[in-house]
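Okay, structure first, notes after.
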Amino acid sequence: MMAEKQTPIYDIARSQGAAFVDIGGWLVVDAFGGEQKSIPAMTRDVALLDRSARAKVLVDGAAASAVVERAWDVPHLAVNGGAVHAQGAVYRLRHDRYFLSAPPGLEATLESTTARAMRQEDGLLTITDVTHGQAELWLLGPAAAELLSRLCGLDFHPASFPNLTARESSVAKTAQLVIRCDAARQRAYAIVGARSLGAYLWQTIIEAAHDLNLLLCGEALLLALESSKERDAGS
Amino acid sequence: MTEAVSADKMRRAAPAGQLIDHERSFIFTFDGKPVTAHPGDTIGSALARAGVQILSRSFKYHRPRGLRCCAGHCPNCLVQVGDEPNVRACLRAAQQDMVVEAQNAWPSLRRDALSLTALGDRFLPVGFYYKTFIRPRALWPAYEWVLRHAAGLGRVNADTAPATYDKQYLHADVAVVGGGPAGLSAALAAAQQGARVLLFDENGELGGHTRYKEIDRTAFGRDWGLEINDMQSPIPNLDIYTNTTVLGYYPHNYLAAVRGNRLFKIRAASVVVATGAYEQPLLFANNDLPGIMLGSGVQRLLHLYGVLPGSTAVVVTVNDDGWQVAHDLWRAGATVSAVVDLRSAAPTSQAAAFKEALEGAGARVFLDSTIVAAAGKGAVQEAIIAARGVRGGPTDGGSTRLPCDLIAVSGGWAAANELLYEAGAQIAYHESQGEFLPHALPPGIYAAGRVTGSHSLQSQIKEGREAGSAAAAYCATGKVQENFAHAGERREESAPSVEQDAHHSAIVTDGNGYENVRQGKRFVCFCEDVTDKDVRTAIAEGYRSIELLKRYSTISMGPCQGKMCSVNAILLCAHANGWSVAETGTTTARPPAKPVSLGVLAGQQMEPVKVTPVHDWHRQHGARMMVAGIWLRPEHYGDPTAEVQAVRQRVGLIDVSTLGKFRLTGPDAPQLLERLYVNRWQKLSPGRVRYGLMCNDEGVVLDDGVTACLEPQEYYMTTTSSGAEAVYEWIQWWAQSGWGDGVHVTPVSDVYAAFNLAGPQSRAVLSRLTPDDLSNDHFPYMHVRQMQIAGVPCRVLRIGFTGELSYEIHCPAGYGQFLWEALLEAGADHGISPFGVEAQRILRLEKAHIIVGQDTDALSDPFAAGLAWAVKLDKPAFLGRRSLARVSEQGPALRLAGFKMENGAPPPAEGLQIVQPEGDGALQIIGHVTSSRYSPTLQEAIGLCWLPAAMVVDGQPFTIRLDDGRLVQARVHEGAFYDPKGEKLRT
Amino acid sequence: MLILDCPNCGARNTQEFRYGGEYNPRPAEPDAADDAAWSSYLYMRHNRLGLQKEWWYHRAGCGLWFLAERDTGSDKVSRTYFWSREQIP
């Protein structure tokens with residue numbers, strides 16, 4: 001039997017009626033209730049997705065900046081800044097730490113591409129694949145910022161938190177990395193943190209959204225959003 | 001002679017009332033009786049319209065009380081609504097089928113048995129609990145029972161279903177508290193300058209006092225009307241929160257506010273406080289009778305709810321506001337029999353017009369006069385007026401009795417300055433105005449409107465605009481505008497038309513004259529039933545300062561928290577002591593400024609809990625879960641003894657994913673390990689594992705774990721589950737303050753799941769899942785190998801916490817569930833059993849392995865804890881070496897020892913004391929038990945304990961004291977209880 | 001609630017941090033320190049009213065340690081910065 005990989009949300013999602021699809025050996029939620037939910041559009045709509053299977057890599061070192069810029073051909077970033085590239089995105093968390101993000105299965109690519117750009121004079125550089133160790137929950141839709149502000153004291157106003165910003169703070173009393181990563185013309189936030197807290201965070205987000213229109217969604221929603229975006233672009 | 005007042009409280013020609021929808025109505029009950037209400041009514045307004053005057057009984061004397069302020073500031077209308085006690089009836093919206101009941105009255109509001117306490121008031125003077133009901137001591141239980149049942153307000157139902165509470169964080173450049181004219185103007189001005197503005201108002205609609213006080217808006221043109229009526233936030237960067245009460249100000253412009261069941265936590269760059277003012281009562285005999293209301297309370301009932309609270313009114317005033325109240329009453333159809341103005345000069349401008357109209361309608365006008373007493377049974381029936389010059393003498397000499405069923409009192413204003421105090425404003429008493437007003441504000445804090453003593457609408461709007469602009473400018477530049485005159489510095493025509501000291505002297509009358517006539521109590525504090533006589537008594541007893549007076553008399557310590565009584569208490573205190581008001585000072589304002597329920601403060605239940613990748617499997621297979629720090633772990637799966645036996649005889653599997661795990665990389669990784677641990681690391685070659693003991697500079701044991709060298713410059717460190725976060729912080733502190741060159745420490749605790757496959761059959765089981773050579777030659781004890789198990793890439797450590805041949809298997813966490821099941825399946829033929837924390841505790845105890853934090857504490861060094869073998873004092877500097885050198889020389893005073901119980905005795909509870917009986921029967925404590933279990937393998941009770949070093953000799957007997965006082969015997973046992981040579985580990 | 005300025009993340013609520021104690025540099029040669037000096041390092045602190053240099057850890061944030069200069073009387077923090085070898089202890 002082929003080994004299958006489960007995210008920390010797998011058990012809860014199954015009990016909440018999810019249907020799964022295999023992506024790179026991970027059991028990923030396709031949709032809840034067997035149907036693709038409606039697209040978040042109304043002010044009180046927000047979708048919650050488990051995207052913990054996504055590739056996540058940490059790059060640590062005094063020369064992290066130089067190496068990452070070289071490897072991924074991205075501009076120089078200030079702390080908390082981010083940039084996208086062909087395979088995914090990079091975010092600068094500290095002077096000497098970067099967080100690399102990509103779709104599931106690309107962790108080896110993230111590691112090797114970054115490693116190849118290392119030079120002798122860069123000094124010690126440590127590249128760590130933390131894909132298995134972190135939950136990654138996405139909030140997407142017009143009410144995403146409002147829901148997050150029930151659990152997190154950061155200022156989500158666009159002026160303080162523009163797209164592709166990454167900040168580490170406290171969400172529901174746990175240490176999390178919050179990334180604004182708008183997708184398919186929707187406001188979106190990724191909350192990345194310890195895997196062992198994933199189930200707690202999922203439940204707490206659901207409870208906090210008691211008076212909002214929370215949609216539990218899977219990858220099928222994002223596909224639907226992407227294709228609707230293409231349709232709009234083409235029309 | 002008193003004229004009988006008709007008991008028929010007919011409301012004729014009641015005005016419409018802005019909030020009320022008269023077309024529809026519904027019923028709720030009050031003490032079982034039906035009451036009609038309309039949408040928009042509060043419980044209080046509906047009861048008032050129905051003619052119900054008594055809403056509650058006072059706290060101490062159980063005097064009847066009725067609506068007074070209609071703004072939620074006083075305690076008179078506290079009722080029980082269903083499960084919820086202490087609801088302010090004047091604020092809570094009435095609803096269909098609501099069940100409302102009176103509090104603090106038995107058997108009924110009308111006939112409250114405890115009102116007899118008024119007769120016994122001799123026994124209930126101020127501070128009575130320090131003086132009475134103490135002796136004879138034998139009666140104290142009886143006193144306590146009576147007092148306990150008489151005290152308190154409201155009823156709590158322990159079975160109330162929990163409601164949903166939550167919170168929200170908000171951010172703003174400018175936060176404006178108060179949506180009256182000043183606050184509204186400030187919010188608009190700031191927003192127009194581009195600032196992000198939040199405006200909070202506790203009412204359902206904006207406008208503040210202009211909602212119920214008719215003001216002449218024509219002078220201000222259309223703009224003002226537009227601001228009030230069309231308020232649906234016309235500006236995108238202005239957010240308006242109505243029905244939201246700001247509770248307190250915290251450092252760095254942090255505000256707490258509540259709306260319904262939601263708590264807002266607001267961070268603002270600047271704050272504008274425009275919270276208005278509280279109308280104050282006056283002191284006169286029986287000033288607490290139902291039917292005596294504040295002038296603003298009467299206006300709220302009239303204009304917001306369309307209720308006329310009386311048919312024959314007497315209005316008493318210290319300022320022009322009372323004249324408007326009287327005029328409003330007359331226009332609504334009441335008979336205003338008299339207006340009593342404490343000032344000597346006749347009112348001017350608009351108030352003069354009111355006076356003329358009222359006199360034309362037959363009202364008597366008394367200038368330079370005051371109300372001496374109110375009289376009535378259960379409700380006011382008569383007001384007794386006298387000229388202010390008159391002091392003393394019998395009732396009839398110089399006083400006038402006026403029959404009435406309503407007394408409206410406009411006693412002056414006290415700024416609602418709690419938030420300003422909390423923000424660090426400097427506030428002083430203005431003699432001329434009789435108010436405590438701010439004169440210096442910290443940077444970023446602004447105030448406008450009645451809270452700064454401005455009572456004219458024009459001033460309020462102007463100040464609001466200035467404050468809002470200044471606040472916006474402050475946010476942009478961080479500088480306080482120099483040309484912005486702070487509150488208190490500009491006193492144009494903004495002072496109310498209050499004659500010098502009218503309120504002040506009205507309160508501080510020399511009451512002696514009136515005491516000669518037993519006319520009734522003059523209440524200063526309505527919440528706690530404190531009279532002005534109580535205040536003078538307390539001061540005479542020596543509780544002179546305002547702080548002592550407050551605590552001794554409990555004045556201002558009730559539900560209103562001083563809104564109705566603080567100022568009056570300060571004035572009385574100053575007068576009785578012969579001090580100025582400035583010398584008297586104030587007590588300290590603290591949040592919350594308004595009442596808030598505990599549920600809102602508790603908020604949404606958020607208790608972080610960590611679970612392993614195999615959590616669901618444990619739950620579904622009968623595991624009893626236990627809380628271990630922040631983790632949920634299986635304690636056992638039904639029979640821990642059987643689990644221990646399975647591991648000793650066959651093979652078991654335990655989930656140890658909770659272990660802390662760190663990746664160390666870089667050329668100087670070994671050096672960091674050398675510095676942090678007491679053992680040697682430089683020569684640990686790839687493929688080898690070492691047990692590490694970590695101490696601090698005191699030489700105290702902090703943590704232990706194993707570290708594996710995977711490759712040169714690649715180490716894999718594990719720590720205890722509970723120590724993981726603390727150890728990471730510790731390591732980072734040293735790394736970031738000088739020891740971090742050439743090494744990186746990356747936390748990977750959650751990246752790997754970890755399972756311990758333990759028992760004589762473990763090798764056989766593992767072999768079924770991996771092609772690797774697991775023979776002892778190829779994979780010896782204390783080594784690490786990377787291999788595929790069931791197709792999953794793993795790193796495997798051969799270590800031996802349980803004392804059996806065992807393999808600690810670490811795999812990427814996503815595979816955890818899969819690998820766990822694969823191992824169990826492979827072990828099925830070998831009789832594999834999952835085992836939990838309890839079994840593991842017993843297994844390690846049989847090997848006398850310590851658990852840091854259980855067997856060691858904040859004073860334990862490795863020499864004392866039996867770990868001297870790990871300490872390499874001859875290696876270069878490491879944390880703890882300096883202190884440990886000393887301990888090594890002197891030897892520890894206490895030592896950790898293994899023990900067995902004598903005579904088949906059961907295991908003593910962990911924590912029990914070890915004692916040395918002395919000659920006279922006394923017991924000296926010489927140690928304690930840290931770990932203790934019944935060992936199924938050895939079939940006797942074993943454990944670990946601390947003993948004086950001299951006693952730690954194999955076979956030495958000692959005595960343990962059980963909780964019930966019995967003494968039991970135990971004997972020291974040196975070394976491991978099971979497999980003392982450690983042969984099983986190394987097979 | 002107070003705000004603390006993390007040198008990496010900027011202004012955050014103090015709840016995100018853990019106080020790490022008064023700055024107490026370790027003697028360069030612990031073995032050479034006499035008992036009094038070593039004991040002083042382990043157990044004694046200045047605890048002054050006024051400007052204090054102290055450690056803070058951004059536990060719910062970047063996970064970095066930094067130093068703050070805070071007036072213990074007014075609670076006003078004048079400076080936050082990372083430790084570096086070059087600074088005057």
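Each chain gets a letter, A, B and so on, in the order its sequence line appears, and its residues count up from 1.
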Among [options], which residue forms the greatest number of heavy-atom pairs with chain A at distances under 4.5 Å?
options	value
B:E607, B:Q713, B:Q604	B:Q604
B:A822, B:G814, B:G603	B:G814
B:K265, B:H171, B:K610	B:H171

Got a second to check how far [X]'s [atom1] is from [Y]'s [atom2], nearest 0.5 Å?
X	Y	atom1	atom2	result
A:Q6	B:Y815	CD	OH	12.0 Å
B:K167	A:S149	NZ	OG	10.5 Å
A:D60	B:T746	CG	OG1	5.0 Å
A:D155	B:Y169	CG	OH	13.0 Å

Which atoms of [X] are under 4.5 Å from chain A, going by heavy atoms: the side chain, the backbone, both sets, or neither?
X	result
B:V609	both
B:V748	side chain
B:D616	both
B:T164	side chain

Less than 4.5 Å to any heavy atom of chain B: does that hold for the side chain of [X], its backbone, both, or neither?
X	answer
A:L154	backbone
A:S52	neither
A:T126	both

B:Q605, CD: over 12 other non-hydrogen atoms inside 6.0 angstrom: no
Within 6.0 Å of CD in B:E725, more than 12 heavy atoms from elsewhere: no
Intermediate values then yes/no, side chain to side chain contact (heavy atoms under 4.5 Å, CB included), A:T128 and B:R663: CA-CA 9 Å; A:T128 311; B:R663 182 185 180 203; 2.8 Å; yes
[X] and [Y]: which non-hydrogen atoms are nearest, and at how many Å?
X	Y	result
A:G61	B:H744	CA-CE1, 3.5 Å
A:A194	B:D750	CB-OD2, 3.3 Å
A:A172	B:P608	O-CG, 4.0 Å

Reference residue B:M606; test side-chain contact (heavy atoms from CB on, under 4.5 Å); the match among A:V171, A:L201, A:T174, A:T204: A:T204
side-chain contact (heavy atoms from CB on, under 4.5 Å) against B:A813, all qualifying residues, sequence neighbours excluded: A:H132, A:R195, B:P613
B:D166 and A:H210, any side-chain heavy atoms less than 4.5 Å apart: yes
Residues A:D211, B:R262: salt bridge by 4.0 Å N-O rule: yes
Leading residue by heavy atom contact count with chain B [cutoff under 4.5 Å; candidates A:R150, A:Q134, A:K5]: A:R150
Verdict with supporting geometry, B:Q168 and A:E146, side chain to side chain contact (heavy atoms under 4.5 Å, CB included): CA-CA 8 Å; B:Q168 183 124 22; A:E146 186 181 340; 3.2 Å; yes
